[in-house]
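Working notes for the structure below.
Quick caveat: nothing in here was measured; it's all calculated off a predicted structure. Here, residue 1 is the first one in the sequence, and each next residue gets the next number.
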Amino acid sequence: GVGVDRAARRGVVVSSPDGAAWRTEAEIPGLAWPRVAFGGGTFVVWTEGGAVGASADGAEWSWTAVPRVNTLFAVAWANGRFVASGTHDCCFGEVPSAIAYFTATSPDGRAWETRDAPLRTIFFDLAFAEGVYLASSYEQIFSSVDGTAWTPRRSAAARKDWRYALAFAEGKWVAVGRSAIDVSADGTAWRTLPIP
């Protein structure tokens with residue numbers, strides 16, 4: 001896992017053999033809310049400042065800076081590559097129209113190719129199932145077969161809401177937002193369930 005050691009004001013990588021007892025494996029450069037993914041025999045950690053760490057064992061890390069990256073929202077491994085999304089060339093307090101969003105891909109977690117996100121849209125989460133990546137956004141769900149070219153799918157629901165988390169299991173896509181949960185069998189037609 002990854003997180004922030006508030007007392008030491010640093011990011012950390014932690015591990016546990018049983019989910020109960022945890023130990024610190026490595027320090028993450030800078031104070032950030034990091035994201036982590038595992039695939040192809042490699043752990044990948046992105047920090048808020050654009051530092052990307054790669055490790056085969058979770059203890060020894062090599063770090064790379066991805067230019068222009070400020071904040072990472074999601075990173076996932078699927079279909080032989082890592083896919084990530086976030087913001088670049090911006091700072092907090094800017095109006096949304098001034099913020100630039102990116103997606104990035106990597107075959108190994110060390111060399112990354114970044115590109116502007118479609119329609120200047122933020123992707124909060126990424127998931128892969130049944131041969132397609134889906135990305136959750138504000139009012140849309142986007143899809144991609146390769147993690148590089150993204151197209152908007154039908155709106156996840158008629159409501160305006162941030163969709164923070166996205167997952168696929170047991171034949172269903174689930175997108176969780178501020179006020180409701182959206183469920184879909186195909187990632188295109190969605191049914192909204194209110195959060196009690």
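- Between the CD atom of Gln140 and the CG atom of Leu134 there is a distance of 12.0 Å, given to the nearest 0.5 Å.
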Verdict with reasoning, Arg153 to Val132, per side-chain contact (heavy atoms from CB on, under 4.5 Å)
CA-CA 12 Å; Arg153 288 198 170 195; Val132 66; 3.8 Å; yes
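- Contact check for Val44 versus Val52: side-chain heavy atoms found under the 4.5 Å cut-off.
- Distance check, rounded to the nearest 0.5 Å: CD1 of Ile122 to CZ of Phe102 gives 10.5 Å.
- Between Ala127 and Leu166 the shortest heavy-atom distance is CB-O, 3.9 Å.
- The shortest distance between side-chain heavy atoms of Trp112 and Thr64 does not fall below 4.5 Å.
- When all heavy atoms are compared, the tightest approach of Trp63 to Val45 is CZ3-O, 4.1 Å.
- With sequence neighbours excluded, the residues forming a side-chain contact (heavy atoms from CB on, under 4.5 Å) with Phe38 are Phe43, listed by chain and number.
- Side-chain contact check for Thr87 versus Phe73: some heavy-atom pair is nearer than 4.5 Å.
- Qualifying side-chain contact (heavy atoms from CB on, under 4.5 Å) partners for Ala165, counting only residues two or more places apart in sequence or in other chains: Asp125, Val176.
- Counting only heavy atoms from C-beta outward, the side chains of Trp173 and Val183 never approach each other to under 4.5 Å.
- Residues meeting the ring pair (Phe, Tyr, Trp, His ring centres under 6.0 Å) test with Phe142, sequence neighbours left out: Phe123.
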Please step through side-chain hydrogen bond (donor to acceptor under 3.5 Å, both in side chains) for the pair Ser106 and Asp108, ending with a clear verdict.
CA-CA 6 Å; Ser106 172; Asp108 60 7; 3.1 Å; yes
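- In this structure, Leu126 and Ser85 have side chains that are in contact, with non-hydrogen atoms separated by less than 4.5 Å.
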side-chain contact (heavy atoms from CB on, under 4.5 Å) between Thr42 and Trp77, worked out:
CA-CA 10 Å; Thr42 302; Trp77 166 268; over 6 Å; no
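- Val145 and Trp150 fall into different hydrophobic clusters, where Ile, Leu, Val, Met, Phe, Trp and Tyr side chains are chained together by heavy-atom contacts under 4.5 Å.
- Looking at residues two or more places apart in sequence or on another chain, you find a side-chain contact (heavy atoms from CB on, under 4.5 Å) between Phe128 and Ala78, Asn79, Tyr133.
- A distance of 8.0 Å separates OG1 in Thr121 from OH in Tyr101, rounded to the nearest 0.5 Å.
- Between Ser144 and Ala149, the closest heavy-atom pair is OG-O, 2.8 Å.
- Counting only distance, with no hydrogens or angles, the side chain of Ser184 and the backbone of Ala189 share a donor-acceptor pair below 3.5 Å.
- Without hydrogens or angle criteria, Ser55 side chain to Glu60 main chain gives a donor-acceptor distance under 3.5 Å.
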Given the rule in the side-chain contact (heavy atoms from CB on, under 4.5 Å) test, do Thr192 and Ile181 qualify, once you have shown the distances and angles that lead to the verdict?
CA-CA 6 Å; Thr192 299; Ile181 298 170; over 6 Å; no
Between Asp186 and Glu130, does a side-chain contact (heavy atoms from CB on, under 4.5 Å) hold up when you go through it step by step?
CA-CA 9 Å; Asp186 62 4; Glu130 300 185 329; over 6 Å; no
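- The side-chain contact (heavy atoms from CB on, under 4.5 Å) check on Thr151 picks up Ser143, with sequence neighbours excluded.
- Scored by the salt bridge (Lys or Arg N to Asp or Glu O under 4.0 Å) test, Arg115 finds Glu113 as partners (sequence neighbours excluded).
- Under the 3.5 Å distance criterion, the side-chain polar atoms of Arg81 are matched with a main-chain donor or acceptor of Asp146.
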